[in-house]
Every structure is written in C-alpha cells, then in structure tokens.
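Before any comments, here is the structure.
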2 protein chains.
Amino acid sequence: MTKLQKETIYDIAQKAGASASTVSAALNGTWKKRRIAKVTAERIIAIAQEQGYSANLQARALRTSRSGLVALLIPEYNRFFSNIAQTFSAEVRARNQCPVIISTARDPEEERRTVSDLTAWNIDAIFFVGSVAPEDLSRHCTAAQVPHVFVDQPCAIAPSVVTDSRTGAHILTREIIASMRARDVPIGASPRDTIYFVGGDRLLPSTRNRVEGFSEALYAHLGRLDPDQIIAQTYDLDAATASISALYTRLGGLPRGLFINSDSVFEGALRFLATLPEAELTSCSFGVFDYEPYGQLLRFPVHMMRQRHKMLVHRAFALLDEASPPVIEMVQPELYPAPLR
Amino acid sequence: MTKLQKETIYDIAQKAGASASTVSAALNGTWKKRRIAKVTAERIIAIAQEQGYSANLQARALRTSRSGLVALLIPEYNRFFSNIAQTFSAEVRARNQCPVIISTARDPEEERRTVSDLTAWNIDAIFFVGSVAPEDLSRHCTAAQVPHVFVDQPCAIAPSVVTDSRTGAHILTREIIASMRARDVPIGASPRDTIYFVGGDRLLPSTRNRVEGFSEALYAHLGRLDPDQIIAQTYDLDAATASISALYTRLGGLPRGLFINSDSVFEGALRFLATLPEAELTSCSFGVFDYEPYGQLLRFPVHMMRQRHKMLVHRAFALLDEASPPVIEMVQPELYPAPLR
DNA sequence: TCAGGTTGCGCAATCGATGTTGCAAGAGAA
DNA sequence: TTCTCTTGCAACATCGATTGCGCAACCTGA
C-alpha cells in the first residue's frame with residue numbers, strides 16, 4: 001500500500017542520498033542533459049517506483065505554466081457529441097495528456113465562464129464543439145495565449161473543422177426527393193406534397209448552410225420554394241415536438257417529405273410521430289441530418305447524413321499541431337440511405 | 001480586452017497600493033476576518049474586476065492542496081452515462097467547483113491510471129460509475145485521502161448508490177410475461193415459448209442481480225428455468241448482435257420473450273433484428289433494462305426499465321456530503337411499459 | 001606540477017496564492 | 001502623559017517541482 005502522507009521529490013532525494021534537483025532530473029528523463037550519472041538516475045527511478053511516487057501536478061504546472069490538460073467543450077451529451085468526446089479522449093490520452101470534457105449547455109455565459117476557469121488552470125489547448133459565440137471565445141483564448149480550435153462550428157478568427165453542411169444537406173434533400181418520386185408523390189402539387197425543413201437555429205452557420213443546401217436542391221427540382229417550408233428556430237427537443245405537431249395541424253396531416261435537422265430534433269419529432277398511425281408515417285419521406293442507429297429500425301424509412309466525428313477530431317488535432325492560421329476545413333458527411341423494405 | 005501577460009495578485013497589489021496578502025484576502029472574501037478595512041477591500045475588488053484578474057488555480061491548489069476539481073469516471077458515453085454526466089456537471093457547477101468527466105473504456109488498468117492522475121491533481125472527490133474493480137480503486141482513493149463514491153456499481157468498502165436491479169428485473173420480467181400472456185403465448189410449452197436473458201457481464205453485480213430478479217420472476221410463473229435461457233457474458237455491442245443471431249439460429253426463430261440487459265446490448269440486438277420481417281418481431285415481447293426513447297417508436301412493443309439517473313447522482317452527492325461510511329443505497333428504477341397499439 | 005577540460009551534482013531562485021505573525025498607528029482608559 | 005487595546009495592514013515562509021548557475025573532483029597532456 002502507498003503512503004498516507006504524500007511523497008515529494010525531497011523525500012525521494014533523502015532516500016536516494018541525492019538532491020531534489022537530481023531527483024527531478026532523473027524522473028523527468030532530463031538527467032542526460034543535466035549530466036547525471038546513469039547509475040544515479042536509475043537508482044532514483046527505482047526508489048521512486050517502489051515508493052509509488054507521483055509528482056504533484058499543481059507544483060509542476062505552476063512552475064512550467066503548462067498543465068498537461070486539454071479541454072473539450074460540448075453543448076450537451078447527445079450521441080454526436082459523445083462520439084466526439086470518445087475520440088477526443090483517446091487521442092489526448094495517446095499524447096500523454098489529460099482530457100477534460102465539459103458541457104456548457106449552449107449557454108454563452110457558461111461558455112465564457114468555463115473558458116476563464118480553464119485558462120486559470122493553464123490549460124494547454126481547448127477544442128470547442130458547436131459553440132454559440134466562437135469569435136468571443138477565440139479572443140479570450142488568444143488573450144490568454146491558449147491554443148484552440150473549433151469543431152462543427154466555424155470561427156472567423158481561428159482554425160476550424162466543420163462538416164460540409166451545405167453539400168450534405170443538398171445530397172440528403174435529393175435523397176428525400178428521390179424517395180418521394182419512388183412513391184409517386186406529385187412533388188409541388190399541394191402544400192403537403194413537398195419537403196419541410198425542421199429544427200436547428202438559423203442564426204448558426206451549420207443550420208444556415210443546411211437550409212441553403214436544402215433550398216438549392218429543392219429549388220433545382222421544383223423551381224420554387226416557400227419560406228414557410230423552413231422552420232428553424234432552435235435545437236430544443238420539446239420545441240421540435242411542438243413544431244411538428246403544429247405543422248401537422250397546419251397542413252392537415254404530415255407533409256410528404258421532412259428534412260430533420262439534428263438528432264435531438266429527430267427525437268423531439270418522434271414524440272409526436274409516435275402518436276400517429278403507421279400509414280401516415282410511411283406516407284412521408286424522412287431525412288435526418290445526423291446519424292442515429294435506431295433511426296434505421298423505425299417503422300418508416302429514414303435517410304440519414306452521418307457526420308464523420310473521427311475525421312473531424314483528427315483534423316482538429318492536426319490544425320492545432322501545425323499551429324494553423326484561421327482556416328475553415330471541410331469534412332464531407334456520409335449518407336446512410338434508408339434500408340429497402 | 002484583457003492583458004496578454006497574465007496578472008497576478010502582485011500586479012493588483014501594486015495598482016491598489018496594497019500588499020499581495022491584502023489583495024488575496026480581499027478577493028477571497030476573508031478580508032473581514034483578517035481585519036482589512038471595507039474600503040480597501042472594495043477598492044481592490046474593483047481593480048481586480050476591471051483588470052479581468054483571475055487567480056492562478058495551480059498556485060492556489062498547491063498552497064491549499066484542494067483543487068476545486070470533482071471527477072466523474074464513466075465506462076463510455078452511452079445514453080445512460082451521458083445523462084449521469086449531465087446531472088453531475090450541473091450539480092458540481094452549482095457548488096462552484098469544476099466537473100471533470102473521463103471515460104475509461106471499462107479498462108481496469110486505465111481506471112487505475114486515471115485515479116493516479118487525478119490524485120496527482122489533488123482532486124477533491126471522485127464519482128465512479130460502473131467501475132470494473134471498485135475495491136481496488138477505493139483503496140487507492142483512501143490511500144490518497146480522496147473522498148469518493150460509487151454509482152451504479154456497489155463497492156464493499158465505500159459508499160455506493162445503485163439501482164435496485166433485482167427488483168427492477170423482477171418487475172420488468174413480469175411485464176414481459178404479462179405481455180406474452182396477452183398475446184396468448186403458451187409460456188413454457190416449447191424452447192421458443194419462454195423468455196431469454198441477453199447481455200451484460202455476469203461477473204458484475206448489476207448483471208447478477210438482474211439475472212436473479214429475472215430468474216425469480218420467471219420461476220415464480222413457470223416453476224422451472226433452463227440455464228440456457230441466460231446469455232450474459234458482455235455488454236459489448238457486436239457481441240450482442242452475435243448472441244441474438246446465434247439464439248435465433250438455435251431456436252429456429254425468435255423466442256417469444258427477450259430480456260435485454262442495457263441499451264448497448266439493445267442497440268447491438270437491433271442490428272440483427274432489423275434484418276427480420278416485421279411479423280417475426282411482433283411475435284416477441286421485449287423488455288430492456290435501460291431507457292432509450294427510440295425504443296418506444298420501434299415497429300414492435302418494447303418495455304423499458306429506466307434508471308433514475310438524477311436520483312442516483314443526487315444521492316451520491318448526499319453520501320459524499322455526509323462523509324458516509326460504506327453503505328449501499330438502493331434507488332428504484334421506473335417502468336416504461338410499451339405503448340399500446 | 002599545473003592549466004584547461006570534462007563529469008557529476010547541489011544551491012537557491014522561481015512560479016502565484018495563502019495565512020500566520022508581528023508591527024505601527026490610533027482610540028480609549030487611567 | 002502613559003499604558004493597554006483595537007484596528008489595519010505588510011513581511012515572510014510555505015506548498016513541490018523545475019532549472020540556471022556554479023562548484024568540486026577527476027582526468028589529460030605539457
């Protein structure tokens with residue numbers, strides 16, 4: 001069993017008959033540079049091992065002003081962000097640093113506070129995922145000289161890696177159109193015979209780009225587009241339930257196509273959809289901009305656009321490593337078409 | 001904009017015409033106790049505010065040997081653990097501390113390393129969720145004098161809060177039985193006309209308890225139970241797919257009842273189930289020991305047992321607060337019966 | 001034997017915040 | 001006026017690891 005009273009390099013030094021600085025050098029691997037005899041270093045290392053010594057990281061961080069901590073800020077713990085977190089953790093571990101993951105609930109104030117906290121911890125780097133106010137956060141980090149990168153939400157003044165939402169939305173929309181045509185829906189014939197875009201926040205670039213990709217694809221097919229077809233105020237789950245329900249009432253039934261922005265919106269929508277008879281559901285072609293394995297197992301066909309979370313994270317690390325200037329790197333999402341039945 | 005060079009209490013002291021210790025006292029709120037004049041304290045606080053000062057937390061932690069960090073260790077980021085993480089974060093924030101969430105991939109070695117890391121950071125407390133080797137971890141924490149608590153997986157030598165898996169499994173099993181009877185299944189008539197338990201790790205207490213609850217309920221109804229009906233080696237998703245598939249082959253079809261242990265197993269199972277025609281699915285009554293909103297929207301009825309994650313976390317905090325001795329506190333899960341169709 | 005080079009290691013300052021101790025100035029009492 | 005309190009604040013040691021600097025001891029060649 002290890003000591004109750006925490007050991008310090010001074011304790012080790014005493015036991016090894018050396019000085020604290022020698023111990024420090026030995027344990028750091030800098031002993032060669034500091035011309036410590038190999039035998040001395042090895043003796044010290046052996047003693048430290050057997051005593052179960054581990055350095056006080058605050059002291060080290062205080063001295064070196066590097067904490068060995070790398071943070072990931074996510075809005076919440078949904079499937080997409082959790083996947084990102086998983087990939088991020090593994091990568092940080094592989095670099096012998098410590099991953100710290102914090103959710104900020106899409107609250108700009110909370111984001112700022114968290115960044116302050118983290119810089120007060122001399123954090124080595126911060127990954128922002130889906131932040132609400134990127135530029136503001138970036139300025140904070142720059143002021144505190146903290147390297148940082150944005151994922152899934154671009155920042156004008158910092159390196160960013162984002163999913164190509166516009167192209168993705170375009171492709172997904174075309175898939176929905178194809179699916180409707182396969183069912184002989186007279187696209188555009190009536191307000192119900194078209195596609196509606198639901199969910200997300202139009203003020204955010206990702207939603208904006210998805211709306212653009214959606215609009216382009218639909219316009220290319222139909223030659224027109226009603227602004228009413230786009231209902232994008234929030235990612236909130238309950239709001240999604242309400243939106244779909246309202247749309248249903250307005251149209252007197254489900255539309256023939258639905259473009260659903262994000263998995264939380266999907267989940268919210270399903271709460272309403274679950275109350276409908278199966279026949280109504282199968283009369284609508286669904287496209288979801290996100291991937292949710294359960295989606296493929298529902299009673300109606302759902303096309304999904306999966307964001308490549310591993311790629312996003314890996315590219316983000318690459319940008320950090322090369323101390324990249326502000327650029328926006330695009331990663332293409334993958335289409336998961338609905339299984340044929 | 002804040003300074004480029006980080007400010008210290010010494011800088012503030014100079015600007016305020018005071019000493020560092022006075023500044024420290026003023027900013028800590030301990031100025032009253034240290035007999036600093038109110039005006040002085042207010043002047044210092046004002047200056048610190050306007051300079052955007054924030055304390056170097058390593059220095060503070062080094063001095064006080066309290067970091068203000070509270071850690072949560074989870075096996076992975078699935079829905080249940082993510083919910084726990086969310087609740088945990090909020091609670092820690094409310095206490096003005098900093099939540100740190102780390103996933104250890106169910107790897108005991110990784111768990112130990114992480115605990116070492118955390119104690120090296122003078123972590124204030126650790127919450128272990130679903131740990132593989134609780135006693136070992138607990139000893140480590142005790143040695144390092146770190147308060148800790150176990151959630152969802154009991155520890156013999158530390159306070160723990162767990163879901164009452166046994167009672168929950170009993171109730172869920174009865175629900176499956178009721179559902180089978182409603183469909184006029186001749187329970188026990190043939191190997192297919194009964195319930196199979198799939199997934200989880202029998203070496204872990206939670207799975208063991210669920211198996212017990214399941215067995216009791218089934219035995220109470222039938223008066224017998226074949227050990228073959230219990231297939232519980234792992235929580236792994238791919239393994240679950242394989243298990244269900246093998247069971248299907250063995251029985252020449254789906255059984256009439258399935259008790260599915262955890263959402264990851266559910267997801268794995270669905271990969272196979274999705275390949276079956278709808279009629280086969282509706283011939284089986286499903287019970288899942290976990291809650292997954294999508295489950296209520298599948299093409300077949302699924303009964304679910306939801307773990308009360310908020311309650312689990314709140315009780316865990318309570319046990320920590322009262323510096324509880326080793327006890328195991330039970331929290332009842334909630335049944336979410338399949339919606340009627 | 002001595003200048004000059006190399007090897008091996010310890011001294012002490014430092015990072016920034018905290019808190020104990022002690023000192024000076026003013027208030028009140030004698 | 002002198003003595004005792006009280007008030008208000010600064011000096012300084014401290015937490016533990018890191019690192020620039022420098023000092024011995026030893027070696028080598030002249």
Side-chain angles (χ1 to χ4, degrees), chain A residues 3 5-45 47-48 51-68 117 119-124 144-145, chain B residues 3 5-45 47-48 51-68 117 119-122 144-145:
Chain A
K3 307 299 93 33
Q5 212 39 353
K6 270 268 195 141
E7 296 229 324
T8 71
I9 43 171
Y10 297 95
D11 302 325
I12 304 284
Q14 196 152 35
K15 281 182 183 120
S19 75
S21 55
T22 304
V23 171
S24 171
L27 298 178
N28 273 305
T30 56
W31 54 272
K32 200 147 193 177
K33 206 189 305 191
R34 289 186 64 104
R35 296 192 324 223
I36 306 294
K38 195 172 180 188
V39 277
T40 311
E42 280 167 353
R43 176 166 39 96
I44 291 173
I45 291 173
I47 294 180
Q51 300 290 324
Y53 167 80
S54 75
N56 180 320
L57 297 181
Q58 343 271 5
R60 172 176 297 164
L62 174 58
R63 185 62 233 261
T64 62
S65 56
R66 301 193 60 249
S67 63
D117 270 18
T119 59
W121 277 107
N122 279 317
I123 197 92
D124 290 348
Q145 298 174 284
Chain B
K3 304 300 94 30
Q5 214 37 356
K6 270 265 192 142
E7 295 228 325
T8 71
I9 43 171
Y10 297 93
D11 302 324
I12 304 285
Q14 194 154 34
K15 282 185 182 117
S19 77
S21 56
T22 304
V23 172
S24 172
L27 298 179
N28 272 306
T30 55
W31 55 271
K32 197 146 195 178
K33 206 192 301 191
R34 309 238 344 245
R35 295 189 329 218
I36 306 295
K38 194 171 181 189
V39 276
T40 311
E42 280 168 351
R43 176 165 39 96
I44 290 173
I45 291 172
I47 293 180
Q51 300 291 322
Y53 167 81
S54 75
N56 180 321
L57 298 182
Q58 339 273 5
R60 172 177 299 164
L62 174 59
R63 186 63 231 262
T64 60
S65 58
R66 300 193 62 248
S67 63
D117 270 19
T119 58
W121 278 107
N122 280 317
Q145 298 175 283

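In this text, all values refer to a predicted model and were calculated from it rather than measured experimentally. Chain A is the first sequence line, chain B the second, and so forth, proteins listed ahead of strands; every chain is numbered from 1. Atoms considered below: every heavy atom in the structure, side chains included; atoms not considered: hydrogens, waters and symmetry mates.
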Measuring to OP1 and OP2 of D/dT18, would you say a side-chain N or O of A/N28 lies under 4.0 angstrom away?
yes

Atom CD1 of B/I36 to atom P of D/dC9: distance rounded to whole Å?
6 Å

For a quick check of understanding: with a heavy-atom distance under 4.0 Å over all strands, which category does A/A18 fall into, base, sugar-phosphate or nothing?
sugar-phosphate

Go through the structure and list residues passing side-chain hydrogen bond (donor to acceptor under 3.5 Å, both in side chains) with B/S67, not counting sequence neighbours.
none

Can you see if the side chain of A/Y53 gets near the phosphate of D/dA17 - specifically, an N or O under 4.0 Å from OP1 or OP2?
yes

Can you tell me the distance, in whole Å, between the NZ atom of B/K33 and the C1' atom of D/dC9?
17 Å

Taken to the nearest whole Å, NZ/A/K38 to P/C/dG8 is 12 Å

Separation of C/dG8 C1' from A/R43 CZ (nearest whole Å):
12 Å

Using a distance-only criterion (donor-acceptor N/O pair, under 3.5 Å, no hydrogens), is the base of D/dT18 paired with the side chain of A/R34?
no

Counting side-chain heavy atoms from CB outward, which of C/dC9, D/dG16, D/dT19 is closest to A/S24?
D/dT19

Hey, which of these two, B/L62 or B/A37, hits DNA chain D nearer its 5' end, going by closest nucleotide?
B/A37

With sugar-phosphate meaning primed atoms plus P, OP1 and OP2, does A/R60 contact a base, only sugar-phosphate, or nothing at under 4.0 Å between heavy atoms?
sugar-phosphate

Length of the line joining A/N56:CG and C/dG16:P, which is rounded to integer Å:
16 Å

Determine: side-chain N/O of A/S65 to OP1/OP2 of C/dC15, distance under 4.0 Å, yes or no.
no

Under 4.0 Å, counting only non-hydrogen atoms across every strand here, what does B/T40 touch: a base, just sugar-phosphate, or nothing?
sugar-phosphate

Where the side chain of A/T64 is defined as all heavy atoms beyond and including C-beta, which of D/dT18, D/dG16, D/dG8 is the nearest nucleotide?
D/dT18

Could you state the CD-P distance from A/Q14 to C/dG10, rounded to the nearest angstrom?
13 Å

Closest of D/dT18, D/dG8, C/dA17 to the A/R63 side chain is D/dT18

Value in whole Å for how far the C1' atom of C/dG16 lies from OH of B/Y10:
6 Å

Checking C/dA17, C/dG19, D/dC21 against the side chain of B/S21 (C-beta onward), the nearest is C/dG19

Nearest heavy atom decides the nucleotide; on that basis, is B/A59 or B/R35 closer to the 5' end of DNA chain C?
B/A59

Presence of donor-acceptor pair under 3.5 Å, side chain of B/S19 and base of D/dA11
no

In this structure, how many angstroms lie between the P atom of D/dA17 and the NZ atom of A/K6, rounded?
9 Å

Can you confirm whether the side chains of A/S24 and A/S21 place a donor and an acceptor under 3.5 Å from each other?
no

